[in-house]
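Side chains included, hydrogens not; waters and symmetry mates left out as well; all remaining heavy atoms used. Nothing here was measured: the structure is a model prediction, and the numbers come from that model. As the structure lists them, so they are numbered: ligands from 1, and atoms in each ligand from 1.
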Amino acid sequence: MTGKTLRDALNGPGYLRVIGTHDGLTATLAERAGFDAIWAGGLGISASYRVADAGLLTMTEFLGAAVGMHNACRLPIVADADAGFGDVNVVRRMVQLYEAAGIDAVCIEDKQYPKRNSFCGGHQLEEPRSFAQKIAVAKAAQSGPDFMVIARLESLIAGTGMNDALARAKLYHDAGADAILIHSRAPHAEEIREFCTRWRRTGRDVPLLCVPTTYASVTARELADMGISGVIYANQVVRAATKAVIDVLDSIAKHDSSVDVESTITTLSELFELTGMNDVLGDVPWQGVADLR
Ligand code: SPV
Ligand code: MG
């Protein structure tokens, strides 16, 4: 999607593969791997601080993490803004700060504060009209044409059903939402298919996104064929990093040596290259890193 805004890309043909990352390094790796956009997700960022994804970090901490990813790569950043971090006044300030920081989109979910991760149960949905007001206030707060406000539907997570999801989607679209994220925790993509089909019948044209965590066997192409424009792989990167670190720590602790893991971990040369060490200016002539592991 080189040169295009996130808005153009989501409204254009095809689909975007959006990957959840939690810091500058993982965002850089995602860009190199060919993903189209970054999901600055609450779960991944919270995990990187070792706190629960339960509205515990401040907006400033989430924004700082998103900016760290923005500075590290050229991909558009879709920031997970939980339930907006507060009431409509907080939402307004949140949009102003995120837009000014160069973030491309915020995604706000229709759950009550304090929200919990959607896979943890105990969900209280926000009253639909108050959430629609948050969307309207968010849209009125942005200053440029490109910034996007994505409304995330939690009806299928909270168990209030497809009709509720569709009714809310219409309300949020009327309030100005630039895209709709339909969240599901079903083990297959049939809920997503049904939502897309019934949404299409409304004649409304707005990009749809989804998060295939529990229905992981479906491909992004299959979801796109159902009508999805953005597929968010929200938490695989933080889970991969966690597993890799556990394995390496176990091995070093067990053998009192890192020799067994050396061939499985990134070389120092790669790490220097990834982090731009070759571009560092200074008085000492740079020797290169070719002979480092
Ligand atoms: C996140 O990544 O923080 C999300 C997506 O909100 S999910 O964990 O699937 O709810
Ligand atoms: Mg989240």
Between Glu154, Glu109, Lys115, Arg152, which one has a non-hydrogen atom sitting closest to atom 4 (C) of ligand 1? Arg152

Within the distance-only criterion (no hydrogens, no angle test), does the side chain of Arg7 pair as donor or acceptor with the backbone N or O of Phe147 below 3.5 angstrom? yes

Donor on one side chain, acceptor on other, Thr197 and Glu194, under 3.5 Å: no

Would you say Leu166 and Ile228 are hydrophobically clustered, going by side-chain heavy atoms of ILVMFWY under 4.5 Å? yes

Under 4.0 Å from a heavy atom of Gly42: which atoms of ligand 1 are those, numbered in the order shown and with their elements? 1 (C), 3 (O)

Assess Asp53: does it contribute an N, O or S atom lying under 2.8 Å from the Mg ion (ligand 2)? no

Just which atoms of ligand 1 are under 4.0 Å from any heavy atom in His183? 7 (S), 9 (O), 10 (O)

Within 4.0 Å of some non-hydrogen atom of Val211, the atoms of ligand 1 are 9 (O)

Hey, are Thr28 and Arg74 close enough side-chain-wise for a donor-acceptor pair under 3.5 Å? no

Nearest non-hydrogen protein atom, atom 2 (O) of ligand 1: Trp39 NE1, 3.0 Å

Shortest protein heavy-atom distance from atom 1 (C) of ligand 1, along with the residue and atom involved: Asp80 OD2, 3.4 Å

Against heavy atoms of Asp53, which atoms of ligand 1 measure under 4.0 Å? 3 (O)

Thr214 side chain to Ala186 backbone, donor-acceptor under 3.5 Å: yes

Distance-only N or O hit between ligand 1 and Asn117, under 3.5 Å: yes

Looking at Asp80, pick out the N, O or S atom nearest to the Mg ion (ligand 2) and give its name. OD2

Is there a path of hydrophobic side-chain contacts, each under 4.5 Å between heavy atoms of I, L, V, M, F, W or Y residues, that connects Tyr113 with Ile108? no

Just jot down the ligand 1 atoms closer than 4.0 angstrom to any heavy atom of Ala234, in number order. 2 (O), 5 (C)

side-chain contact (heavy atoms from CB on, under 4.5 Å), paired with Ile38, selected from Thr26, Ile103, Leu75: Leu75

In terms of the angle between their ring planes, are Phe85 and Phe62 parallel, tilted or perpendicular, with boundaries placed at 30° and 60°? parallel

